[in-house]
Q: 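Please read through the structure below; I'll follow up with questions.
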Amino acid sequence: MNAPAAGTNKLDVARIRADFPILEREMNGYPLCFLDSAASSQKPAPVLEAMDRYYRQHHANVHRGVYQLSQEATDMFEAARRAVARFINAPSEQEVIFVRGTTEAINLVAGSFGRAFLREGDEVVITWMEHHSNIVPWQLICAQTGARLRVVPISDEGVLDMEALARMLDGPVRLVAVTHVSNTLGTINPIRQIADMAHERGIPVLADGAQAIPHMPVDVQALGVDFYAFSGHKMYGPTGIGVLYGKREWLEQMPPYHGGGEMIERVTFEKTTWNELPFKFEAGTPDIAGTVGLHAAIDYIESVGREAIAAHEAELLRYGMELLAPIEGMRLIGTAPQKAGVISFVIEGTHPYDVGTLLDKMGIAVRTGHHCTEPLMDRFGVPGTVRASLGMYNTREELERLAKAVEKAAAMLR
Ligand code: 7TS
């Protein structure tokens with residue numbers, strides 16, 4: 001396992017890369033240059049090995065069997081929950097709910113909190129830079145309850161309009177749902193400030209942490225949020241597992257989201273009572289191996305160091321923006337001063353899809369399109385962008401390759 005060289009805050013990127021088997025692959029005759037970690041990051045060997053070991057040696061269903069193996073699986077599952085609680089500084093592991101990912105976490109809150117607390121005429125505040133998974137669940141619950149969605153505008157740099165937010169909060173707002181880091185712009189939103197503003201008015205805040213958790217230390221108590229959602233697969237863990245952190249005071253008032261096994265205390269045909277937190281929200285057999293992989297991913301991130309990862313990526317981001325900016329026809333989308341992990345751009349006279357296809361031919365994996373943020377594309381008047389997004393394993397040389405390839409692609413397409 002890796003650690004930054006003693007006494008420095010620097011990552012040993014070569015050592016980190018050696019832990020990610022997939023980075024040895026070639027694409028179209030070139031070494032793979034993977035710049036799509038915002039969509040899903042790659043997985044280090046310790047994560048793969050932990051999951052393999054779990055299935056080979058310890059698998060049984062959790063919380064059910066009296067036998068040793070089931071106890072082992074349960075212990076591993078609950079150890080993962082404790083690791084998550086520590087990782088995000090949740091006051092209690094009972095406030096850590098395992099879900100499939102960010103999307104499910106937000107749907108859980110929208111469905112459950114929405115049914116309990118949203119009424120006709122109430123408002124839910126989101127922002128212009130939300131991923132569809134922090135827009136559509138609110139539209140669905142608003143349609144069911146008669147509540148209304150309000151959207152906080154952003155500047156041309158991609159910075160949230162805090163004055164507009166303050167004005168909106170004086171309305172009949174029941175919840176604020178905002179992304180911590182934008183997956184398309186990279187903007188880091190001032191979550192603590194937003195939470196303070198909302199709490200002054202008794203309004204709870206959900207932060208979508210999908211793009212923050214892989215890049216920076218996250219402390220839910222310091223952020224002051226009521227709910228925090230994230231996905232394992234964007235933080236070097238497996239797909240199919242994610243987390244909803246929720247403050248106990250809210251989770252206890254919220255009705256179950258799914259019904260089924262595990263989430264009950266007692267079932268009769270007349271009346272069913274619910275299990276305690278967090279099990280009330282975890283119906284059915286969970287992704288046990290996923291939690292084991294997530295635990296290994298947390299250990300891996302901590303062994304490298306979250307501050308060191310943030311510093312490495314900040315340097316890469318600065319360098320990448322600097323290399324790309326001078327390219328003819330370049331328009332960088334998302335130039336907020338507080339920014340993480342993502343470089344989105346369009347090049348005059350070219351379509352993002354064509355640029356992405358040519359980059360792939362040169363072994364460079366980037367995402368093109370609207371990145372599940374269509375309202376944001378409308379805001380910037382573009383059909384989509386090319387997006388390079390960073391992980392701890394990326395290097396300066398890869399960004400140099402990207403810049404050269406973009407220049408070449410643009411010249412071919414114009
Ligand atoms: N919220 C944000 C900010 C995201 O970036 C994503 C996924 C999600 C929520 C949904 O996460 P999921 O794990 O439940 O799917 N973002 C992206 C992306 O930028 N490209 O592909 C997926």
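In what follows, residues are counted from 1 in the order of the sequence shown. The analysis underlying the following values was restricted to heavy atoms, covering all of them including side chains, and did not include hydrogens, waters or symmetry mates.
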Q: Taking the side chain as every heavy atom from C-beta outward, state whether Glu276 and Gln94 have any atom pair closer than 4.5 Å.
A: yes
Q: Could you tell me whether Glu252 and Lys280 make a salt bridge, using a distance below 4.0 angstrom between a side-chain N and a carboxylate O?
A: no
Q: If the condition is ring pair (Phe, Tyr, Trp, His ring centres under 6.0 Å), which residues does Phe117 pass it with, not counting sequence neighbours?
A: Phe113, Trp250
Q: Do Gln144 and Leu118 come close enough that some side-chain heavy atom pair is under 4.5 Å?
A: no
Q: Test side-chain contact (heavy atoms from CB on, under 4.5 Å) on Lys339 and Leu317 and set out the steps.
A: CA-CA 9 Å; Lys339 185 174 151 91; Leu317 182 67; 4.0 Å; yes
Q: Tell me whether Ser112 contacts the main-chain N or O of Val109 through its side chain, where contact means a donor paired with an acceptor under 3.5 Å.
A: no
Q: Which atom pair, heavy atoms only, marks the closest approach of Leu251 to Gly246?
A: CD1-O, 3.2 Å
Q: How close do Val159 and Pro337 get, heavy atom to heavy atom, and via which atoms?
A: CG2-CD, 3.9 Å
Q: Going from SG on Cys33 to CG on Leu359, what distance comes out if it is rounded to the nearest 0.5 angstrom?
A: 9.0 Å
Q: Once the angle between the rings of Phe98 and Phe77 is folded into 0 to 90°, is it parallel (under 30°), tilted (30 to 60°) or perpendicular (over 60°)?
A: tilted
Q: Let's go through Thr184 and Ser344 carefully: what are the C-alpha distance in whole Å and the side-chain angles of both, what is the deciding distance for side chain to side chain donor-acceptor pair (under 3.5 Å) to 0.1 Å, and is it a yes or a no?
A: CA-CA 6 Å; Thr184 301; Ser344 257; 5.6 Å; no
Q: Show the numbers, then the answer: is there a salt bridge (charged side-chain N to carboxylate O under 4.0 Å, His left out) between Glu322 and Arg318?
A: CA-CA 6 Å; Glu322 193 181 290; Arg318 193 196 53 70; 2.7 Å; yes
Q: Rounded to the nearest 0.5 Å, what's the gap from CD1 on Ile194 to NE2 on His180? Could you check?
A: 9.0 Å
Q: Do NZ/NE/NH1/NH2 and the carboxylate oxygens of Asp156 and Arg379 come within less than 4.0 Å?
A: yes
Q: Hey, what do you get for CG (Leu206) to CH2 (Trp138), rounding to the nearest 0.5 Å?
A: 5.5 Å
Q: So, Arg82 and Glu78, do they make that salt bridge, N to O below 4.0 Å?
A: no
Q: Give the minimum heavy-atom separation between Leu332 and Ala325, together with the two atoms involved.
A: CD1-CB, 4.1 Å
Q: Is it true that a side-chain atom of Arg119 and a backbone atom of Ala116 form a donor plus acceptor pair closer than 3.5 Å?
A: yes
Q: Can you tell me which residue among Asp208, Thr103, Thr102 is in a side-chain hydrogen bond (donor to acceptor under 3.5 Å, both in side chains) with Ser231?
A: Thr102
Q: What are the two closest non-hydrogen atoms of Ala110 and Ile141, and how far apart are they?
A: O-CG1, 3.4 Å
Q: Of all the heavy-atom pairs spanning Glu313 and Gly391, show the shortest one and how long it is.
A: OE2-C, 3.2 Å
Q: Please determine whether a side-chain nitrogen of the Lys or Arg among Glu93 and Arg81 lies less than 4.0 Å from a carboxylate oxygen of the Asp or Glu.
A: no
Q: Nearest 0.5 Å, please: how far is CD in Glu95 from CG in Leu277?
A: 8.0 Å
Q: Report yes or no: do Ser40 and His233 form a side-chain donor-acceptor pair below 3.5 Å?
A: yes
Q: side-chain contact (heavy atoms from CB on, under 4.5 Å) for Arg331 and Phe345? Distances and angles first, verdict last.
A: CA-CA 6 Å; Arg331 178 178 169 205; Phe345 60 90; over 6 Å; no
Q: Scan for side chain to side chain donor-acceptor pair (under 3.5 Å) pairs involving residues 356-370, sequence neighbours excluded, and state none if there are none.
A: none
Q: May I ask you to decide if Ser37's main-chain N or O and Lys234's side chain share a donor-acceptor pair within less than 3.5 Å?
A: no
Q: Please list, chain by chain and in numerical order, all residues satisfying ring pair (Phe, Tyr, Trp, His ring centres under 6.0 Å) with Tyr236, sequence neighbours excluded.
A: Phe20, Tyr393
Q: I want to check something: taking the side chain as every heavy atom from C-beta on, are Pro172 and Arg174 in contact at a cut-off of under 4.5 Å?
A: no
Q: How many angstroms lie between CD1 in Ile16 and CE in Met392, if you round to the nearest 0.5 Å?
A: 5.5 Å
Q: Using a strict cut-off of less than 4.0 Å between a Lys/Arg side-chain nitrogen and an Asp/Glu carboxylate oxygen, indicate whether Asp19 and Arg15 qualify as a salt bridge.
A: no
Q: Does Arg148 pair with Asp122 as a salt bridge, N-O distance under 4.0 Å?
A: no
Q: Main chain of Asp226, side chain of Lys247: is a donor-acceptor contact present, judged purely on distance under 3.5 Å?
A: no
Q: For residues 398-406, which side-chain donor-acceptor pairs fall under 3.5 Å, sequence neighbours excluded?
A:
from, atom 1, to, atom 2, distance (Å)
Glu398, OE1, Arg17, NH1, 3.3
Glu398, OE1, Asn394, ND2, 2.9
Glu398, OE1, Thr395, N, 3.0
Glu398, OE2, Arg17, NH1, 3.4
Glu400, OE2, Tyr319, OH, 2.4
Arg401, NH1, Pro31, O, 2.9
Arg401, NH2, Pro31, O, 3.0
Arg401, NH2, Met362, O, 3.0

Q: Could you check Phe34 against Leu390 for side-chain contact (heavy atoms from CB on, under 4.5 Å), going step by step and ending with a plain yes or no?
A: CA-CA 8 Å; Phe34 189 74; Leu390 303 171; over 6 Å; no
Q: Within the distance-only criterion (no hydrogens, no angle test), does the side chain of Ser70 pair as donor or acceptor with the backbone N or O of Tyr67 below 3.5 angstrom?
A: no
Q: When the side chains of residues 218-225 are checked against the rest of the protein, which donor-acceptor pairs come out under 3.5 Å, sequence neighbours left out?
A:
from, atom 1, to, atom 2, distance (Å)
Asp219, OD1, Asn89, ND2, 3.1
Asp219, OD1, Gln221, N, 2.9
Asp219, OD1, Ala222, N, 2.9
Asp219, OD2, Asn89, ND2, 3.1
Gln221, NE2, Asn89, O, 2.8

Q: For Glu72 and Gln68, which I'm curious about, is there any donor-acceptor pair between the side chains at under 3.5 Å?
A: yes
Q: Report yes or no: does His371 contribute a side-chain atom to a donor-acceptor pair with the main-chain N or O of Gly369 at less than 3.5 Å?
A: yes
Q: Give every donor-acceptor pair under 3.5 Å between a side-chain atom in residues 256-267 and any protein atom, sequence neighbours left out.
A:
from, atom 1, to, atom 2, distance (Å)
Glu262, OE2, His63, ND1, 3.0
Glu265, OE1, Thr273, OG1, 2.8

Q: Where the side chain of Thr127 meets the backbone of Met129, is there a donor-acceptor pair that is under 3.5 Å apart?
A: yes
Q: Is there a donor-acceptor pair closer than 3.5 Å between any side-chain N or O of His312 and the backbone N or O of Ala308?
A: no
Q: Between atom OG1 of Thr373 and atom NE2 of His132, what is the distance when rounded to the nearest 0.5 Å?
A: 6.0 Å
Q: Val342 and Asn183: side-chain contact (heavy atoms from CB on, under 4.5 Å), yes or no, with the steps?
A: CA-CA 7 Å; Val342 171; Asn183 67 313; 5.7 Å; no
Q: Within the distance-only criterion (no hydrogens, no angle test), does the side chain of Arg201 pair as donor or acceptor with the backbone N or O of Met197 below 3.5 angstrom?
A: yes
Q: Is it the case that atom CD in Gln338 sees more than 12 heavy atoms from other parts of the structure closer than 6.0 Å?
A: no
Q: For Ala38 and Ser389, which heavy atoms make the closest approach, and how far apart are they?
A: N-OG, 2.8 Å
Q: Does the side chain of Val152 reach to within under 4.5 Å of the side chain of Ile154, using non-hydrogen atoms?
A: no
